[in-house]
Amino acid sequence: MPNGYNAPMEMLARKLDSIARISDADREALLALPHTVRNLPARHDIVRFGDRPNQSCLVLQGWVYRYSALAEGGRQILSFYIAGDLPDLQSLHLHRMDHNLATLTSCVVALVAHDDLRAVLLKNPGLAATLWRDSLIDAAHYRERITSLGRRQALGRVAHMFCELYLRQKAVGLTRGLSCPLAPKQSELADSLGLTSVHLNRVLRTLRGRGLVTLGGGILTIENWDALAEVAEFDPTFLHLANNSAPAHPTVETV
């Protein structure tokens with residue numbers, strides 16, 4: 001497992017600890033949760049629109065994305081998910097999928113049967129409350145994304161996404177200094193930001209030209225956090241992290 005974790009559910013415990021400290025009893029219940037580990041190839045649909053899944057998916061390694069597909073072939077990427085995320089928890093209560101969930105990269109996931117998840121949550125109300133909090137935070141991400149798509153200019157839109165993806169990965173230990181993985185290709189970033197690939201490419205050149213970011217080899221390095229956050233009008237409140245502080249100018253390292 002990534003980051004030295006031997007038990008897959010420890011990745012979920014780590015994510016939940018980043019938003020609300022979970023008790024020892026809840027952690028033990030989480031680690032004992034039955035699951036099946038699967039290796040999935042890149043660009044593989046985990047669940048599709050209209051499906052009625054009987055299990056939820058925990059990302060252990062790699063990137064997953066949620067998207068809606070249009071009849072003429074268009075796609076809107078709604079959100080990206082990283083290790084520790086449980087992107088389809090809502091299928092526990094919403095029995096018919098209204099979107100698609102797919103792997104962006106090759107992934108390792110843990111599949112948790114809904115019946116097992118319900119049983120654990122009934123016996124551990126504190127854990128149920130924390131997962132409910134996680135679902136509410138996911139909704140907060142959507143509110144911020146709507147604001148970006150509706151009101152931010154392209155430069156601020158891209159800068160905001162970079163700030164968000166960096167802090168989310170920092171919270172679960174996937175960053176080094178001001179560098180973090182950036183798995184989406186330009187076409188996928190464009191589909192998530194409501195931009196054409198050509199427009200996005202111009203924006204990325206601007207961010208590089210201003211000395212705000214460096215991109216290469218699937219790695220995003222933020223060269224000047226304060227300036228990038230200013231361009232983005234970025235306020236991390238919507239992430240609701242237990243440690244909500246912005247980077248304090250750490251030394252930039254290579255992931």
Should Q76 and H99 count as side-chain neighbours, where that means a heavy-atom distance under 4.5 Å?
no

Can you sort out the partners of R145 under side-chain contact (heavy atoms from CB on, under 4.5 Å), two or more places apart, ordered by chain and number?
L149, M161, E164

Which distance, rounded to the nearest 0.5 Å, do you find between the CG of L89 and the OG of S135?
4.5 Å

ring-ring contact (aromatic ring centres under 6.0 Å, His included) filter on H141, not counting sequence neighbours, yields F238

Shortest non-hydrogen contact between M11 and A83, atoms and distance:
CE-CB, 3.5 Å

CZ of R66 to CG of D98: how many Å apart, nearest 0.5 Å?
8.5 Å

Give a yes or no on this: more than 12 heavy atoms of other residues, nucleotides or ligands lie within 6.0 Å of atom CZ of R48.
no

Could you check if a side-chain atom of L220 sits within less than 4.5 angstrom of a side-chain atom of L165, using non-hydrogen atoms only?
no

To which residues is F49 joined in a hydrophobic cluster, defined by side-chain heavy-atom contacts under 4.5 Å among Ile, Leu, Val, Met, Phe, Trp and Tyr, whether direct or through other members?
none

Q55 to D88 - nearest heavy-atom pair and separation
O-OD2, 3.9 Å

Are the side chains of I46 and V64 in contact, using a 4.5 Å heavy-atom criterion?
yes

I'd like to check the side-chain contact (heavy atoms from CB on, under 4.5 Å) partners of L136; sequence neighbours left out, ordered by chain and number.
W132

Solution key, residues 194-213 side-chain donor-acceptor pairs under 3.5 Å, sequence neighbours excluded:
{"residue": "T196", "atom": "OG1", "partner": "H199", "partner atom": "N", "Å": "3.0"}
{"residue": "T206", "atom": "OG1", "partner": "R202", "partner atom": "O", "Å": "3.1"}

Set of residues satisfying ring-ring contact (aromatic ring centres under 6.0 Å, His included) with respect to Y65, sequence neighbours excluded:
Y67

Taken in chain and number order and not counting sequence neighbours, the residues that satisfy side-chain contact (heavy atoms from CB on, under 4.5 Å) with A25 are S23

Would you find more than 12 non-hydrogen atoms of other residues, nucleotides or ligands less than 6.0 Å from Q153 atom CD?
no

Can you list the steps and then say if T214 with T221 is a side-chain hydrogen bond (donor to acceptor under 3.5 Å, both in side chains)?
CA-CA 5 Å; T214 301; T221 298; 5.7 Å; no

According to a 4.5 Å side-chain heavy-atom criterion applied to Ile, Leu, Val, Met, Phe, Trp and Tyr, with indirect links allowed, do V59 and L174 form part of one hydrophobic cluster?
no

Going by the rule salt bridge (Lys or Arg N to Asp or Glu O under 4.0 Å), which residues pair with R38 if we only count those two or more places apart in sequence or in a different chain?
none

Hey, what do you get for OG (S106) to CG (N39), rounding to the nearest 0.5 Å?
8.5 Å

Does the side chain of L121 come within less than 4.5 Å of L92's, by heavy atoms?
yes

Answer yes or no: is there a side-chain heavy-atom contact under 4.5 Å between V120 and L127?
yes

With a 4.5 Å limit on heavy-atom distance, are the side chains of S68 and N100 in contact?
no

Between L86 and V109, is there a shared hydrophobic cluster once you connect ILVMFWY residues whose side-chain heavy atoms come closer than 4.5 Å?
no

Pairwise distance CG(D17) to CG(L12) - rounded to 0.5 angstrom
10.0 Å

Parallel, tilted or perpendicular: rings of Y166 and W225 (30°, 60°)
tilted

Separation between CG of L40 and CG of D45, rounded to the nearest 0.5 Å:
11.0 Å

Would you say the side-chain atoms of R152 and S148 include a donor-acceptor pair closer than 3.5 Å?
yes

Does anything in residues 73-86 form a salt bridge (charged side-chain N to carboxylate O under 4.0 Å, His left out)? List the pairs, not counting sequence neighbours.
K15-D85, R75-D191, D85-R168

Taking only residues two or more places apart in sequence or in another chain, which ones pass side-chain contact (heavy atoms from CB on, under 4.5 Å) with A113?
D116

How far does CH2 of W63 sit from OH of Y81, to the nearest 0.5 angstrom?
12.5 Å

If only atom types and distance count, is the side chain of S18 paired as donor or acceptor with the main-chain N or O of V172 below 3.5 Å?
no

Looking only at atom types and distance, does a side-chain atom of R96 sit under 3.5 Å from a main-chain N or O of R52, one as donor and one as acceptor?
no

If you look at every heavy atom in P8 and L58, which pair is closest and at what distance?
O-CD2, 3.9 Å

Keeping T175 on the side-chain end and Q169 on the backbone end, is there a donor-acceptor pair under 3.5 Å?
no

Kindly give the heavy-atom pair with the smallest separation between I219 and S179, and that separation in Å.
CG2-CB, 4.1 Å

Donor on one side chain, acceptor on other, E144 and H160, under 3.5 Å
yes

Any residue meeting side-chain hydrogen bond (donor to acceptor under 3.5 Å, both in side chains) with H114, in chain and number order, not counting sequence neighbours:
S56, S91

Heavy-atom pair with the smallest gap, counting every atom of R133 and I19
NE-O, 2.9 Å

Test item: M9 and V112 side chains (from C-beta on) under 4.5 Å apart, heavy atoms
yes

Apart from L122 itself, what residues make up its hydrophobic cluster, given side-chain heavy atom links below 4.5 Å?
none

Closest approach of P236 and L167, non-hydrogen atoms and distance?
CB-CD1, 3.8 Å

